[in-house]
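I have placed the structure first, in the form of structure tokens, so that the comments after it can refer back to it.
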Amino acid sequence: MARSIDIQAHDGGRFTGYLAEPAGGKGPGILVIQEIFGVNKVMRDICDGLAKQGYVALCPDLFWRQEPGVDITDKTKAEWDKAFALFNGFNLDKGIDDLKAALAVLRKLPGCSGKVGTVGYCLGGRLAYLMACRSDVDAAVGYYGIMLKDHLAEAKNIKKPLLLHCATEDKFVPKDAQATIAAELKNYPLVTRLDYQGNDHAFARVGGEHYDKAAADLANSRTAEFFRKHLA
């Protein structure tokens, strides 16, 4: 079952989230963090898929401070232009605050076991990493997170398991940045960083230009096992 719910921001105001619940009504929670295209069909489908796996999945609208209800695709130049404008106008720290507010709401839902993981893609991959650093989430997964090099100093704050799926040919993460990130995160036993050779950014975005089914299936199976292990 899927529906929209309201979330109270810590600094006032309210925003919405797409909530998908398992058929059994109960399970661990997973906070799904959007890409730069808003809470679109790709994100809703991810939530629905997680609900079928037995999770209570919530994807909050993180662009609400700029424009509530963004729901666009990666199919046209106009949509890409809008997506990058929203990304450039996004307040990272406010976004983390909003994710923490959504995390608290998810944990308190009647169907949620109280254990909550998070998974994010692109911008969401960056935010999933930061949630591992700045929140009490029980497990975090980031797909092709951008700009992680900017936040390596925060890795010392990671207290729960973090899994990162990284594309070796990611056009938004230069090779030198990939090397720096890999070298630094090796120092943290709670962090698992996996490379997907020959893949570009958004290799797991169904219908996307760089979608690679084999790589996506592998990453998604690893994510499923990771959450089974840490959210049981």
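Given the structure is predicted, the values throughout are model-derived calculations rather than measurements. Only heavy atoms go into these numbers, but all of them, side chains included; no hydrogens, no water, no symmetry mates.
- Applying the ring-ring contact (aromatic ring centres under 6.0 Å, His included) test to residues at least two apart or on different chains, the pairs with a partner in residues 176-200 are H165-Y196, Y196-F203.
- Although no hydrogens or angles enter the test, the distance criterion places no donor-acceptor pair under 3.5 Å between the side chain of T16 and the main chain of I5.
- Legend: residues meeting salt bridge (charged side-chain N to carboxylate O under 4.0 Å, His left out) with D98, ordered by chain and number and at least two apart, are R65.
- Heavy-atom minimum distance, V137 versus A140: CG1-CB, 4.5 Å.
- In this structure, K175 places its NZ atom where more than 12 heavy-atom neighbours from other residues, nucleotides or ligands lie under 6.0 Å away.
- Grouping the Ile, Leu, Val, Met, Phe, Trp and Tyr side chains by contacts below 4.5 angstrom, directly or via other members, places W80 with V70.
- Pairs passing the side-chain hydrogen bond (donor to acceptor under 3.5 Å, both in side chains) check and including a residue from residues 110-119, sequence neighbours excluded, do not occur.
- For N157, the side chain to side chain contact (heavy atoms under 4.5 Å, CB included) partners two or more places apart in sequence, or in a different chain, are E154.
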Distance-only donor-acceptor pairs under 3.5 Å for side chains of residues 48-59, two or more places apart:
residue, atom, partner, partner atom, Å
D48, OD1, Y18, OH, 2.8
D48, OD2, Y18, OH, 3.3

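- With no hydrogens or angles considered, a side-chain donor-acceptor pair links H201 and D170 at under 3.5 Å.
- With sequence neighbours excluded, the residues forming a side chain to side chain contact (heavy atoms under 4.5 Å, CB included) with K82 are E67, I72, L86, listed by chain and number.
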Show your reasoning for whether salt bridge (charged side-chain N to carboxylate O under 4.0 Å, His left out) applies to R3 and E21.
CA-CA 9 Å; R3 57 191 170 96; E21 299 169 292; 3.4 Å; yes
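- Rounding to the nearest 0.5 angstrom, the gap separating the CD atom in Q34 from the CG atom in N40 is 8.5 Å.
- Taking the side chain as every heavy atom from C-beta outward, S4 and L19 never approach each other to under 4.5 Å.
- Under the rule for a side chain to side chain contact (heavy atoms under 4.5 Å, CB included), the partners of A177 that lie at least two apart in sequence or sit in another chain are K149, V173, P174.
- Atom-to-atom distance recorded for L163:CG and L190:CG is 12.5 Å, nearest 0.5 angstrom.
- Exactly one residue among K160, K159, R107 makes a side-chain contact (heavy atoms from CB on, under 4.5 Å) with D136. That residue is R107.
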Any chance you could lay out the side chain to side chain contact (heavy atoms under 4.5 Å, CB included) test for E209 and D200, step after step, and finish with the verdict?
CA-CA 9 Å; E209 178 184 0; D200 202 342; over 6 Å; no
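- When the side-chain hydrogen bond (donor to acceptor under 3.5 Å, both in side chains) test is applied to D6, no partner is found at least two apart in sequence or on another chain.
- Between L31 atom CG and L106 atom CG the span is 6.5 Å, to the nearest 0.5 Å.
- Taking OG from S135 and CG from D97, the interatomic distance works out to 11.5 Å, rounded to the nearest 0.5 Å.
- Tracing side-chain contacts under 4.5 Å through hydrophobic residues (I, L, V, M, F, W, Y), one reaches L103 starting from L130; they form part of the same cluster.
- Put simply, the side chain of T168 does not reach to within 4.5 Å of the side chain of N199, judged on heavy atoms.
- Side-chain heavy atoms closer than 4.5 Å link hydrophobic residues (I, L, V, M, F, W, Y) into clusters, and following such links, possibly through other members, connects V191 to I146.
- For the pair L164 and L194, the minimum side-chain heavy-atom distance is 4.5 Å or more.
- Residues Y143 and R205 fail the side-chain proximity criterion, which asks for heavy atoms closer than 4.5 Å.
- With rounding to the nearest 0.5 angstrom, the CD atom of E169 is 10.0 Å from the CG atom of D195.
- Taking both residues in full, the closest heavy atoms of A216 and Y211 are given as CB-CE1, 3.7 Å, listed atom of the first, atom of the second, then distance.
- Hydrophobic clustering (ILVMFWY, side-chain heavy atoms < 4.5 Å, transitive): V206 and I30 are in distinct clusters.
- In terms of modelled atom types and a separation under 3.5 Å, the side chain of K100 and the main chain of R134 share a donor-acceptor contact.
- L148 contributes atom CG, which lies 9.0 Å from atom CZ of R193 (distance to the nearest 0.5 angstrom).
- The side-chain heavy atoms of T192 and L162, taken from C-beta on, include no pair separated by under 4.5 Å.
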Validation: residues 225-232 side-chain donor-acceptor distances under 3.5 Å, sequence neighbours left out:
residue, atom, partner, partner atom, Å
E225, OE1, R228, NE, 3.3
E225, OE1, R228, NH2, 2.9

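- A donor-acceptor pair is defined here as one N or O able to donate and one able to accept, closer than 3.5 Å; no such pair exists between the side chain of W64 and the backbone of R14.
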What donor-acceptor contacts under 3.5 angstrom involve side-chain atoms of residues 120-129, with partners at least two apart or in another chain?
residue, atom, partner, partner atom, Å
R126, NE, H151, NE2, 3.0
R126, NH2, H151, NE2, 3.1
Y129, OH, H151, O, 3.0

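- In this structure, K108 has no side chain to side chain contact (heavy atoms under 4.5 Å, CB included) partners at least two apart in sequence or on a different chain.
- The side-chain hydrogen bond (donor to acceptor under 3.5 Å, both in side chains) search around D71 returns R44, not counting sequence neighbours.
- Side-chain contact between P68 and D61 is present, with at least one heavy-atom pair separated by less than 4.5 Å.
- F84 and L62 fall within the same hydrophobic cluster, where Ile, Leu, Val, Met, Phe, Trp and Tyr residues are linked whenever their side-chain heavy atoms come under 4.5 Å apart, directly or through other members.
- A donor-acceptor distance shorter than 3.5 angstrom exists from the side chain of N187 to the backbone of E184, with no hydrogens or angles considered.
- Taking the side chain as every heavy atom from C-beta outward, P60 and F15 approach each other to under 4.5 Å.
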